[in-house]
J.: 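Encoded as structure tokens, here's the structure I'll be asking about.
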There are 2 protein chains.
Amino acid sequence: MSSERERTYHHGDLRRAILTAALDVIATEGPAALSLRDLARRAGVSHAAPAHHFKDRTGLLTAVAAEGYALFADALAGAPDLRERGVAYVRFAATHPAHFQVMFQPDLHRADDPDLLAARARATEALRSGVADLPPAGRGEDDRLAGVAAWSLAHGFATLLLTGNLADAMAGRDPEEAFRSLAALVFAPESGGGG
Amino acid sequence: MSSERERTYHHGDLRRAILTAALDVIATEGPAALSLRDLARRAGVSHAAPAHHFKDRTGLLTAVAAEGYALFADALAGAPDLRERGVAYVRFAATHPAHFQVMFQPDLHRADDPDLLAARARATEALRSGVADLPPAGRGEDDRLAGVAAWSLAHGFATLLLTGNLADAMAGRDPEEAFRSLAALVFAPESGGGG
DNA sequence: CACGCGAACTTGTCAATGACTAGATGCCGG
DNA sequence: CCGGCATCTAGTCATTGACAAGTTCGCGTG
């Protein structure tokens with residue numbers, strides 16, 4: 001009774017309800033299993049209601065991606081140094097698997113959406129500013145490469161984690177902690193390995 | 001004989017024709033755009049013909065993933081050392097984007113398919129044997145982490161490349177060559193940086 | 001060479017879905 | 001009190017995946 005269902009004609013917060021339901025489906029069954037009509041059913045509205053908020057299926061996924069990039073930017077901004085930013089990267093993927101999947105599958109969303117672009121720009125900025133912490137490599141070309149390397153490491157780890165490819169390698173270990181030691185191993189092998 | 005279309009009642013090599021068409025669609029429009037009926041149309045057969053070879057949509061994607069892992073294992077096996085195996089990893093992703101995408105999207109295929117499991121086991125073996133080349137880190141735990149690190153680096157780079165996220169960072173550069181220098185930078189920063 | 005068995009393919013059908021249109025409802029500002 | 005307009009409903013259509021039943025034909029067997 002906490003949430004009298006058939007409130008009135010209007011749902012109240014259908015957009016959020018659809019988004020939340022979509023995230024649930026994507027996280028458990030993957031983006032392919034997403035159906036607008038199913039989401040409408042879950043929200044207790046008619047089959048055409050979602051279209052008003054998201055235009056079409058791609059529109060919904062675009063909204064998911066945009067929200068994902070916004071949350072991603074916040075998560076990255078909170079990290080103090082490069083390594084913790086990598087940890088935040090992995091944590092975000094583990095905590096928001098649905099967002100992460102849609103964000104990095106360009107064929108699912110409209111990459112030219114203004115909201116998405118803005119959020120993505122924020123996330124990119126948070127990522128770039130972290131690379132500045134890297135030990136200076138002398139040449140600017142190496143700096144760029146080192147940035148791509150850091151990004152690749154975090155992104156690869158996160159992706160493999162979400163696809164279940166690290167299940168046996170991790171074996172009940174905390175992924176974040178594993179990535180922390182891994183990053184230490186890779187980026188400062190001679191510095192004593194300390195924090 | 002090689003091209004007379006309406007040969008007879010039988011297509012001749014429908015399975016391969018459907019697979020090839022599927023790879024084309026996936027590579028250009030993504031897995032979501034895949035339609036069995038469209039593939040049947042391209043091959044000039046009836047809409048139910050593909051089902052005989054692949055059972056259903058998931059079956060087709062499972063076959064794609066299985067073929068992908070087989071090709072992947074071959075590609076990895078040809079590389080002499082760990083770094084070149086990483087380069088082969090990236091090259092495979094760039095050369096077989098459709099295979100790669102389906103292989104690493106568990107929600108698209110049946111992960112318990114025998115053919116897929118066998119091919120994947122081969123690929124995993126090729127990957128593991130490469131990790132043995134790593135500079136001994138002393139503890140076995142570090143060895144495992146180093147293996148995951150190498151895999152993450154290659155996989156992250158490949159994934160970011162395929163999703164277009166390295167477009168500006170690479171800027172017309174050869175991805176394989178970029179990864180080679182990147183790997184040198186990361187895994188042997190003190191060894192002179194040569195190549 | 002006749003034959004029939006089974007694989008490869010076709011035709012027909014059904015439920016589900018995405019997308020679109022037109023109409024109903026009720027909140028909110030004037 | 002009232003009218004505009006965002007929100008939601010109801011109805012419809014083309015497309016798709018999946019399934020069932022029938023057709024064609026390659027091929028091994030006797």
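Computed from a predicted structure; not experimentally measured. Letters go in sequence order (proteins before strands), and every chain restarts at 1.
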J.: Compare side-chain N and O positions of Arg41(B) against OP1 and OP2 of dT16(D) and report whether any pair is under 4.0 Å apart.
T.: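 Affirmative; the distance criterion is met.
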J.: Taking the minimum atom-to-atom distance to the side chain of Arg57(A), which one of dC9(C), dT9(D), dG18(C) wins?
T.: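 The nucleotide sitting nearest to the side chain is dG18(C).
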J.: Measure CZ/Phe54(A) against P/dC8(D) and give the value in whole Å, please.
T.: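 Interatomic distance, CZ of Phe54(A) to P of dC8(D): 11 Å.
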J.: Measure CG/Asp13(A) against P/dC27(C) and give the value in whole Å, please.
T.: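 Whole-Å distance recorded here is 16 Å.
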J.: Round to the nearest Å and state the distance from His47(A) atom NE2 to dG11(D) atom P.
T.: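 It works out to 9 Å between those atoms.
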J.: Restricting to non-hydrogen atoms, name the atom on Ala111(A) and the atom on Leu117(A) that form the minimum distance, rounded to 0.1 Å.
T.: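 Scanning both residues completely, I find the closest heavy atoms to be O-CD2, 3.4 Å.
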J.: Specify the separation, in whole Å, of atom CG of Leu34(A) and atom P of dG18(C).
T.: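 In whole Å, dG18(C) P lies 8 Å from Leu34(A) CG.
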J.: Grab the CG-C1' distance between Leu61(B) and dG17(D) for me, whole Å please.
T.: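 Distance, rounded to whole Å: 13 Å.
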J.: Can you check whether Arg110(A)'s main-chain N or O pairs, donor with acceptor, with Thr62(A)'s side chain at less than 3.5 Å?
T.: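 Yes; at least one donor-acceptor contact below 3.5 Å.
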J.: To the nearest Å, how far apart are Arg15(B) CZ and dC9(C) C1'?
T.: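 Those two atoms, CZ and C1', are 16 Å apart.
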J.: Please tell me which of the listed nucleotides, dT16(D), dG12(C), dA19(C), lies nearest to the side chain of Leu36(A)?
T.: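 For Leu36(A), the side-chain atoms sit closest to dA19(C).
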J.: Kindly point out which of dT9(D), dG17(D), dA19(C) is positioned nearest to the side chain of Ser46(A)?
T.: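 For Ser46(A), the side-chain atoms sit closest to dT9(D).
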J.: Starting the side chain at C-beta, find the nucleotide from dT9(D), dT13(C), dG18(C) nearest to Arg37(A).
T.: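 For the Arg37(A) side chain, the nearest candidate turns out to be dG18(C).
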J.: Heavy atoms only, 4.0 Å cut-off, all strands: where does Leu39(B) land among base, sugar-phosphate and nothing?
T.: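 Nothing, no nucleic acid heavy atom in range.
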J.: Starting at atom NZ of Lys55(B), determine the distance to atom P of dA18(D), rounded to an integer number of angstrom.
T.: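 Rounded to whole Å, this separation is 9 Å.
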J.: Can a donor-acceptor pair be found between the side chains of Ser129(B) and Arg85(B) at a distance below 3.5 Å?
T.: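 Note: Ser129(B) and Arg85(B) side chains meet the donor-acceptor criterion.
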J.: Among Phe157(B), Phe72(B), Phe179(B), find the residue that satisfies the ring pair (Phe, Tyr, Trp, His ring centres under 6.0 Å) test when tested with Phe92(B).
T.: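 One option only clears the test, and that one is Phe72(B).
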J.: Whole angstrom is fine here: how far is it from CG in Leu14(A) over to P in dT9(D)?
T.: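 Going from Leu14(A) (CG) to dT9(D) (P), I get 8 Å.
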J.: So, OP1 or OP2 of dC8(D): does either fall under 4.0 Å of a side-chain N or O from His53(A)?
T.: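 For His53(A), the contact criterion (side-chain N or O under 4.0 Å from OP1 or OP2 of dC8(D)) is met.
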J.: Is there a donor-acceptor contact under 3.5 Å linking the side chains of Thr58(B) and Asp56(B)?
T.: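 Side chains of Thr58(B) and Asp56(B): no pair found under 3.5 Å.
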J.: Quick check on DNA chain C: between Asp38(A) and Ala51(A), whose nearest nucleotide comes earlier from the 5' end?
T.: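 Of the two residues, Asp38(A) wins.
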J.: Using a 4.0 Å heavy-atom cut-off across all strands, classify Leu60(B) as base, sugar-phosphate, or nothing.
T.: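 If one applies the 4.0 Å heavy-atom cut-off, Leu60(B) turns out to touch nothing in the nucleic acid.
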J.: Does His52(A) place a side-chain N or O at less than 4.0 Å from the phosphate oxygens OP1/OP2 of dC8(D)?
T.: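 No, His52(A) has no side-chain N/O under 4.0 Å of OP1/OP2 on dC8(D).
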J.: Look at the side-chain N and O atoms of Ser35(B) and state whether any lies under 4.0 Å from the OP1 or OP2 oxygen of dT15(D).
T.: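 No, Ser35(B) has no side-chain N/O under 4.0 Å of OP1/OP2 on dT15(D).
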J.: Start at the 5' end of DNA chain D and walk down; is the nucleotide closest to Thr58(B) or to Ala48(A) reached first?
T.: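 This one resolves to Ala48(A).
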